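Letters A, B, ... are given to chains in the order of the sequence lines, protein chains preceding strands, and every chain is numbered from 1. Model, not experiment: these values are computed from the prediction.
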Amino acid sequence: MRESFRRFLMAWAPVFRGLAGGVLTVAGYAKAVRPPAEFAAVLETYWVLPVSVVMPLARTIPWVELLTGLALLTGFFTRSAAWIGAGLFALFLGFLGQSLLRGLDLKSCGCFGAWGPALTPRQTLAWDTLWWALCVGVGMDREKRWTLDRWMARP
Amino acid sequence: MNLSKKAGAGLLLLSLAVGAVWVGRRTPRLSEGTPSYRQKGPAEAPVVLVEYSDFQCPKCAQAQPVLRDLLNRYEGRVRLVFRHCPLPSHAWASLAARAAEAAGRQNKFWEYADVLYSRQAVWSAAPDPRALFDTYARELGLDEARWKKDVDDPAVEKIVKDERARAEQVPISATPTFFINEKIIVGDSQLEAVGVRFMEQELRP
């Protein structure tokens, strides 16, 4: 990794971590407090998977988002959480990308459950790409400033 | 890294997430105050199916054959309760709800609702569907003058508005949403895939 990039990450990774962690926490919480059937209905609109697969996913994804978000916010298993976060955003981008390519009429991304904002597919595409990039940035940072990981590594 | 510190922090985060979600969950009151003309099936039926629907929503219309099949299959063991949830994004949904409600006052709610769903594509695309709604009322043999008066009755408007507000409190995030003995099901495909299985489960002796 180039030195300038390393320094950039070292300076900005805590901010990226806070932003991506915050978004994942809010998005996960907003869906986890609601019945899984609601998020399952949103996933169905993407028309990728059958209901039998969608229901377990709708139960799991909000909790993975929430726990990953909290881990990022606090800096607990920071790099693992960042790569999981990047994986989640890549998954959402995959769902969204194929829906757009097939011309499906998606009214809302369903990212925040019943809570706003209800983003259009194109806004969501830009939004998820940004968060994916932030997670990748955090995943690449080895300094882990202001994290629980660093605090716990102290003798 | 100190293992006990790590385990402690992990446990703390997990408890925080579970606790916050537990506090955030609410138990909805689903069908209180629904008039009898919007309920069908025996009062003591072991399964109560509450439908939150919007007459202008295409998914709600798509769900009707599935719902009909379900009611036929479990006839006598299920009670259907209809709740209005006209979405603000649908220009004529509230008016349609009022029209059905006015038909309900003449005990023809279900018949009027069926017509609204089956001809949704027609009236939904009309610049003003009032004349079409009048025709449907005539076709069903309603007392037209009384029906028209009821459509514009502020009490009817209040019923629809209040139910919409109650739906927001539940909260209903999409239509159609069904509750089978309080188990939530969203959309026609879930009703078909999950509803039947859950209904069987609830009716098992």
Best-contacting candidate, [options], against chain A by heavy atom pairs under 4.5 angstrom:
options: B:V186, B:I172, B:V194; result: B:V186
options: B:G187, B:S89, B:S189; result: B:S189
options: B:E192, B:Q190, B:K5; result: B:Q190

Using atom types as modelled and distance alone, determine if a side-chain donor or acceptor of B:Q120 lies under 3.5 Å from a backbone N or O of B:C57.
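Yes.
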Flag, side chain of B:W92 to backbone of B:D128, donor-acceptor distance under 3.5 Å:
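No, because the side chain of B:W92 does not come within donor-acceptor range (under 3.5 Å) of the backbone of B:D128.
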What part of A:L66 gets within 4.5 angstrom of chain B, counting heavy atoms only: side chain, backbone, both, or neither?
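Just its side chain gets close to chain B.
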Chain B heavy atoms under 4.5 Å from A:T74: which part of the residue, side chain, backbone, both or neither?
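For A:T74, side-chain heavy atoms alone lie under 4.5 Å from chain B.
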Under 4.5 Å from any heavy atom of chain A, what part of [X] do you find: side chain, backbone, both or neither?
X: B:V18; result: both
X: B:A174; result: neither
X: B:I184; result: both

Taking the inter-plane angle between the rings of A:W12 and A:F8 on a 0 to 90° scale, is it parallel (under 30°), tilted (30 to 60°) or perpendicular (over 60°)?
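Rings of A:W12 and A:F8: tilted, 30 to 60°.
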Among B:R166, B:K158, B:R164, find the one that has a side-chain hydrogen bond (donor to acceptor under 3.5 Å, both in side chains) with B:D162.
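It is B:K158; the other options fail the test.
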Over all heavy atoms of both residues, which pair between B:A63 and B:L191 is shortest? Give the atoms and the distance, please.
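Looks like O-CD2, 4.4 Å.
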Distance-only polar pair, side chains of B:Q106 and B:Y37, donor-acceptor under 3.5 Å:
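Side-chain D/A pair, B:Q106 to B:Y37: absent.
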